[in-house]
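One structure below.
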Amino acid sequence: MELSGWVQDEAYRWRRPPTGAMRVPAVIYASAALMAEMDDKVAEQIANVATLPGIVEAAYAMPDAHWGYGFPIGGVAAFDPDLGGVVSAGGVGFDISCGVRALHTGLRVGELRPLKEALADTLFGEVPAGVGSTGAISLAPAEMDAMLEGGAAWAVARGYGTSADLVRVEEQGRMAGALPDCVSDKAKNRQRREMGTLGSGNHYLEVQEVSEIFDRAAAAAFGLAQGDVVVSIHCGSRGLGHQIGTEFLRDMAKSAAGFGIALPDRELACAPLTSPVGERYLGAMRGAINCAMANRQIITHLTRAAFARIAPEAELSVLYDVSHNTCKLEEHQVGGVPRRLFVHRKGATRAFGPGHPDLPSDLRAVGQPVMIGGSMGTGSYMLVGAATAGERAFGSACHGAGRSMSRHQALRTWRGRAVIDELAGRGILIRSPSYRGVAEEAPGAYKDVTAVVDEADQAGLARKVARLKPHVCVKG
DNA sequence: ATGTGC
């Protein structure tokens with residue numbers, strides 16, 4: 001990235017004072033090394049976000065930021081509805097409410113080893129994965145609406161898991177304010193048979209070992225010890241969220257000029273939070289949040305079924321479930337004054353610090369679990385929201401390693417079969433319907449997740465708790 | 001991300 005115009009005001013923080021149409025500064029949390037590696041497009045896009053009406057404090061980018069549609073992936077921006085603030089479909093992204101759910105298994109890595117092959121095959125058989133994958137569930141229109149309003153709580157009411165699961169899900173598994181009538185029939189039809197499916201791209205289900213502990217107290221509060229086996233599920237709202245994103249990007253691009261909004265980039269299409277189109281988007285997007293949480297809840301149920309056949313002694317409980325593509329109304333202190341703001345997080349995880357009232361009572365003292373997915377071979381991390389996260393970036397942190405190479409470039413560089421063999425040699429079993437998908441997701445196509453996580457920690461966004469080493473990965 | 005797209 002070209003660094004002119006940026007001021008390094010801390011070791012892990014860069015600030016660009018407002019120029020031109022920017023209403024607030026742009027801030028990127030990264031070291032000089034990651035900043036240099038970062039795409040120039042991130043600087044351009046985050047500065048564009050800073051021009052949007054009603055933006056508060058600054059437009060932020062996380063250390064894993066990369067070029068996205070309109071907003072960078074790894075972008076965080078908050079808007080005040082009373083100051084003409086906007087909601088942007090591009091600020092949430094196409095994969096609405098994509099997120100990570102982590103599960104305890106009650107197993108130790110020694111117990112996992114002899115079962116790995118069978119578990120990989122059974123999970124791959126049980127959890128549909130890949131482009132256009134469908135499941136055993138088909139939702140009639142009334143059930144679709146109930147799902148869009150009820151989220152993971154709807155799934156539990158239908159027998160997929162238990163109410164105890166919901167305690168550890170963001171919003172207790174049900175996002176209030178969803179408006180199924182604002183979700184098009186086309187979006188609903190696309191989703192009809194996609195509940196309980198992983199999808200494609202960077203989505204996965206992994207069986208992982210807690211390979212290193214960095215923060216004993218937080219790990220203990222999360223119920224994690226070295227050698228424990230956990231499951232991470234990374235997926236979103238499938239075709240429904242994608243269709244909602246597509247339709248509202250189009251509608252917002254059409255209506256922006258009528259609201260007097262000058263867009264620096266058509267992809268930044270947005271609408272006032274209080275406008276009819278803005279309110280319809282929020283209602284539809286909250287339905288997609290419920291869809292994603294219901295999806296991860298059903299996949300949890302399928303994962304339990306797979307473990308029950310291979311390792312009946314396993315007991316799978318939810319450690320935490322949090323999204324990284326959302327726009328949510330939250331209270332934040334701005335200059336010591338509490339304000340209610342709509343926080344966009346696109347490829348950025350909510351990371352509330354200790355004491356936040358929205359956290360489950362047994363985690364409140366330590367802070368919110370923050371799951372960071374790495375690439376297939378490199379491992380993942382469990383972090384905890386830092387006490388300073390609220391004032392640094394509206395209680396947000398990074399969400400993954402971030403791509404360092406385009407999908408196209410990755411396809412030219414690797415063969416899926418060879419990637420699978422190489423990882424198998426290191427004890428990491430991949431199961432995927434698509435060699436092409438595996439090649440696109442080759443570990444070498446991603447940044448070093450350890451560097452990204454270290455910088456989120458050093459920047460005061462989220463502290464490292466544990467490292468997770470992959471053993472089995474079901475990949476879309 | 002996606003009933004993948006030039």
Side-chain angles (χ1 to χ4, degrees), chain A residues 41 45 64-75 88-101 128-135 137-139 144 183-205 233-250 267 269 281 284-285 287-289 291-293 295-296 299 323-327 344-349 373 375-376 398-403 405-412 416 432-442 445-446 474-476:
Chain A
K41 277 282 180 184
Q45 291 191 319
D64 57 337
H66 52 114
W67 182 11
Y69 188 95
F71 276 59
I73 296 160
S88 168
V92 174
F94 288 96
D95 190 9
I96 299 171
S97 199
C98 180
V100 180
R101 172 178 289 210
V131 178
S133 50
T134 54
I137 301 164
S138 179
L139 297 185
M144 177 65 69
V183 178
S184 70
D185 287 341
K186 192 171 182 183
K188 291 174 182 175
N189 284 333
R190 280 183 70 170
Q191 193 59 30
R192 195 175 160 84
R193 297 198 56 215
E194 290 191 342
M195 296 309 296
T197 67
L198 272 179
S200 61
N202 65 359
H203 291 169
Y204 60 77
L205 182 154
I233 298 164
H234 177 211
C235 63
S237 54
R238 306 286 285 107
L240 180 124
H242 190 271
Q243 189 63 33
I244 291 170
T246 303
E247 292 169 7
F248 278 94
L249 275 163
R250 185 195 61 206
E267 293 186 359
Y281 175 71
M285 180 208 60
I289 291 177
C291 177
M293 293 194 294
N295 196 28
R296 293 193 287 271
I299 292 173
S323 300
H324 48 233
N325 289 346
T326 58
C327 174
H344 293 65
R345 295 189 183 90
K346 181 185 187 182
T349 306
S375 63
M376 288 184 295
C398 56
H399 83 308
R403 293 197 78 88
M405 194 184 278
S406 70
R407 293 186 176 279
H408 192 76
Q409 200 182 344
L411 282 177
R412 284 198 312 252
S432 172
S434 165
Y435 286 132
R436 176 185 174 149
V438 170
E440 288 180 351
E441 294 293 318
Y446 279 81
V474 178
K475 192 85 185 166

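Chain A is the first sequence line, chain B the second, and so forth, proteins listed ahead of strands; every chain is numbered from 1. We use all heavy atoms of the structure for the numbers below, so side chains are in, but hydrogens, waters and symmetry mates are not.
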_Just to be sure I understand the rule, does A:Lys186 reach a base, reach only the sugar-phosphate, or reach nothing, if contact means heavy atoms closer than 4.0 Å?_
base

*Apply side chain to side chain contact (heavy atoms under 4.5 Å, CB included) to A:Ala292 and list each qualifying residue two or more places apart in sequence or on a separate chain.*
A:Ser97, A:Ser237, A:Arg296

_Interatomic distance, A:Leu411 CG vs B:dG5 P [rounded to whole Å]_ = 14 Å

_Output the rounded distance in Å from CZ (A:Arg436) to C1' (B:dT2)._
12 Å

*When all nucleic acid strands are considered with a 4.0 Å heavy-atom cut-off, which category describes A:Gly199: base, sugar-phosphate, or nothing?*
sugar-phosphate

*Before giving the answer on side chain to side chain contact (heavy atoms under 4.5 Å, CB included), spell out for A:Lys346 and A:Ile73 the whole-Å C-alpha distance, their side-chain angles and the decisive distance to 0.1 Å.*
CA-CA 5 Å; A:Lys346 181 185 187 182; A:Ile73 296 160; 4.1 Å; yes

*In whole angstrom, what separates A:Asp95's CG from B:dT2's P?*
6 Å

*A:Asp64: what forms a side chain to side chain donor-acceptor pair (under 3.5 Å) with it, not counting sequence neighbours?*
A:His399

*Using the closest heavy atom to pick a nucleotide of DNA chain B for each, name whichever of A:Glu441 or A:Gly437 lands nearer the 5' end.*
A:Glu441

*asked:* Taking any heavy-atom pair under 4.0 Å as a contact, classify A:Gln191: base, sugar-phosphate, or nothing.
replied: nothing

*Just call it for A:Thr246: base, sugar-phosphate, or nothing, with non-hydrogen atoms closer than 4.0 Å on any strand.*
nothing

*Whole-Å distance separating the CD atom of A:Glu247 from the P atom of B:dT2*: 16 Å

*Using a 4.0 Å heavy-atom cut-off across all strands, classify A:Gly93 as base, sugar-phosphate, or nothing.*
nothing

*Rounded off to whole Å, could you give me the NE2-to-P distance for the A:His203 and B:dT2 pair?*
5 Å

_Length of the NE2-C1' vector between A:His242 and B:dG5, whole Å_ = 12 Å

*A:Arg238 and side chain to side chain donor-acceptor pair (under 3.5 Å): which partner among A:Thr134, A:Asp95, A:Thr197?*
A:Thr197

